[in-house]
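To start, the structure itself, in structure tokens.
Heads up: numbering here begins at 1 and tracks the sequence.
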Amino acid sequence: MVKFLRDPAYTGGVSDPEATDIDRRAQDVVKFGRVKEVDYKRSPPSYRIEIGDENDEDNYILTDWLPATGGRAKGDRETHYLEKGEKVALLAEGGELATAYVMPAGQYTEQEDEKETTDKAGVWRKIFQKPKSHDGQGGEGGQDGGGDGQEGEDSEILGEISYDRNTGDWLIKGIEDKGSITLEGSGCKIVMKDGTITLKAKNVVVEADDKFESKTKQSLHTATAFKTIGKTYLGLEDKNDMPEDKVVTEAGPAKQTFAKVG
């Protein structure tokens with residue numbers, strides 16, 4: 001059997017089809033692009049990725065729907081979907097883009113929504129930014145379940161979590177006058193909302209080795225029984241003031257309660 005090899009020098013630039021396919025697959029093993037479309041309601045949620053400039057038809061690729069990936073996806077799970085316009089890397093086994101694995105590949109730029117989150121080492125900081133559209137589904141509307149695709153308000157940081165290993169400081173920050181921060185577990189719940197901190201628990205124990213101070217315009221206490229172990233001073237004008245007059249009740253003088261005579 002005679003096999004004819006197609007040399008591009010004699011076939012107008014068209015070489016052996018098998019060699020061309022191998023070359024294409026090798027080039028497609030790793031590709032970089034941006035998220036073009038998102039659909040979080042698919043099962044599983046998926047993205048379509050664009051590679052190249054859509055105005056260059058010869059070098060532009062728009063993939064089929066590729067499943068979203070997460071840091072953990074079995075038992076312990078972690079979900080943080082990519083949004084439209086985000087930079088990604090495609091890992092395609094055998095160069096098959098139809099089954100590629102989508103990975104975030106963000107690079108810092110001078111654009112306001114792509115800038116770095118800190119300017120020094122040893123600081124981990126994660127910020128949550130307001131989407132650029134009103135749909136809240138990926139930044140620009142489209143096949144993501146809603147939105148008109150119009151640009152929304154300017155970029156705005158809605159919250160952040162950070163840790164500085166040099167100082168040991170943690171920061172959990174939300175919107176000043178909107179939303180809430182909730183810590184819940186083991187039958188206890190702390191809610192920070194609208195300038196109010198609400199603590200719910202079966203028992204609350206505060207231990208201070210040296211001193212416990214509170215300062216407020218008004219203090220209200222409602223309880224079936226209110227017990228104080230130790231001395232209580234009332235009507236003081238200075239924290240160092242210690243009157244000697246005991247409080248007298250209908251049952252007689254209180255054992256450890258003193259009040260300044262007015």
Side-chain angles (χ1 to χ4, degrees), residues 38 40-41 43-45 68-83 86 103-104 106 108 112-139 144-147 152-230 232 239:
V38 299
Y40 304 140
K41 292 181 172 58
S43 182
T69 57
R72 300 286 299 277
K74 178 67 175 177
D76 296 339
R77 284 157 291 170
E78 178 181 339
T79 302
H80 195 184
Y81 292 129
L82 299 173
E83 298 182 26
E86 282 199 64
M103 296 182 61
Y108 300 130
E112 191 60 35
D113 62 345
E114 293 183 346
K115 285 185 176 181
E116 62 278 4
T117 61
T118 181
D119 59 358
K120 64 178 183 179
V123 176
W124 172 81
R125 183 174 182 231
K126 186 172 186 176
I127 63 174
F128 302 89
Q129 189 160 299
K130 187 174 183 179
K132 286 186 175 181
S133 75
H134 301 290
D135 57 23
Q137 295 287 335
D144 45 20
E153 301 175 6
D154 294 337
S155 297
E156 177 186 354
I157 294 179
L158 301 182
E160 69 172 275
I161 303 175
S162 65
Y163 174 70
D164 190 329
R165 73 182 182 198
N166 298 312
T167 63
D169 294 333
W170 277 95
L171 173 66
I172 301 176
K173 186 177 180 180
I175 307 175
E176 184 175 352
D177 57 354
K178 185 179 179 181
S180 65
I181 296 178
T182 301
L183 301 177
E184 185 173 0
S186 299
C188 304
K189 186 175 183 179
I190 301 175
V191 180
M192 291 172 275
K193 182 178 178 66
D194 298 331
T196 299
I197 297 178
T198 303
L199 170 61
K200 294 182 178 181
K202 184 177 181 180
N203 299 292
V204 177
V205 178
V206 178
E207 295 185 6
D209 291 337
D210 188 17
K211 181 172 57 176
F212 177 80
E213 292 188 16
S214 63
K215 183 178 181 181
T216 182
K217 292 182 179 180
Q218 186 179 30
S219 179
L220 303 176
H221 303 274
T222 302
T224 303
F226 191 84
K227 299 180 181 180
T228 301
I229 301 175
T232 301
K239 62 182 180 180

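The closest side-chain heavy-atom distance from E160 to L171 is below 4.5 Å. Side-chain contact between T198 and T196 is present, with heavy atoms from C-beta onward closer than 4.5 Å. In this structure, the side chains of W124 and I161 come closer than 4.5 Å at one or more pairs of heavy atoms. Side-chain contact between V191 and K200 is absent, with no heavy atoms from C-beta onward closer than 4.5 Å.
Interatomic distance, CG of D119 versus CZ of R125, reported as 9.5 Å (0.5 Å rounding). In this structure, the separation between CG on L199 and CD1 on I197 is 9.0 Å, given to the nearest 0.5 Å. Note that the CE atom of M192 and the CD1 atom of I190 stand 7.0 Å from one another [nearest 0.5 Å]. Remark: T69 OG1 to M103 CE distance equals 7.5 Å, nearest 0.5 Å. Annotation: the span from D194 atom CG to S180 atom OG amounts to 8.5 Å, rounded to 0.5 Å.
Taking both residues in full, the closest heavy atoms of K189 and T182 are given as CE-CG2, 3.9 Å, listed atom of the first, atom of the second, then distance. When every heavy atom of D164 is checked against every heavy atom of N166, the shortest pair comes out as OD1-N, 2.9 Å. Between L82 and Y40 the shortest heavy-atom distance is O-OH, 2.7 Å. The nearest pair of heavy atoms linking I181 to I172 is CD1-O, 4.2 Å. In terms of heavy-atom proximity, K193 sits nearest to G179 at CG-O, 3.8 Å. Taking all atoms of both residues into account, the shortest heavy-atom contact from V38 to E83 is CG1-C, 4.4 Å.
Residue pairs meeting the side chain to side chain donor-acceptor pair (under 3.5 Å) criterion with at least one member in residues 201-211, sequence neighbours excluded, are K211-E213. For residues 185-218, the set of pairs meeting the ring-ring contact (aromatic ring centres under 6.0 Å, His included) definition, not counting sequence neighbours, is empty.
Looking at residues two or more places apart in sequence or on another chain, you find a ring pair (Phe, Tyr, Trp, His ring centres under 6.0 Å) between H221 and F226.
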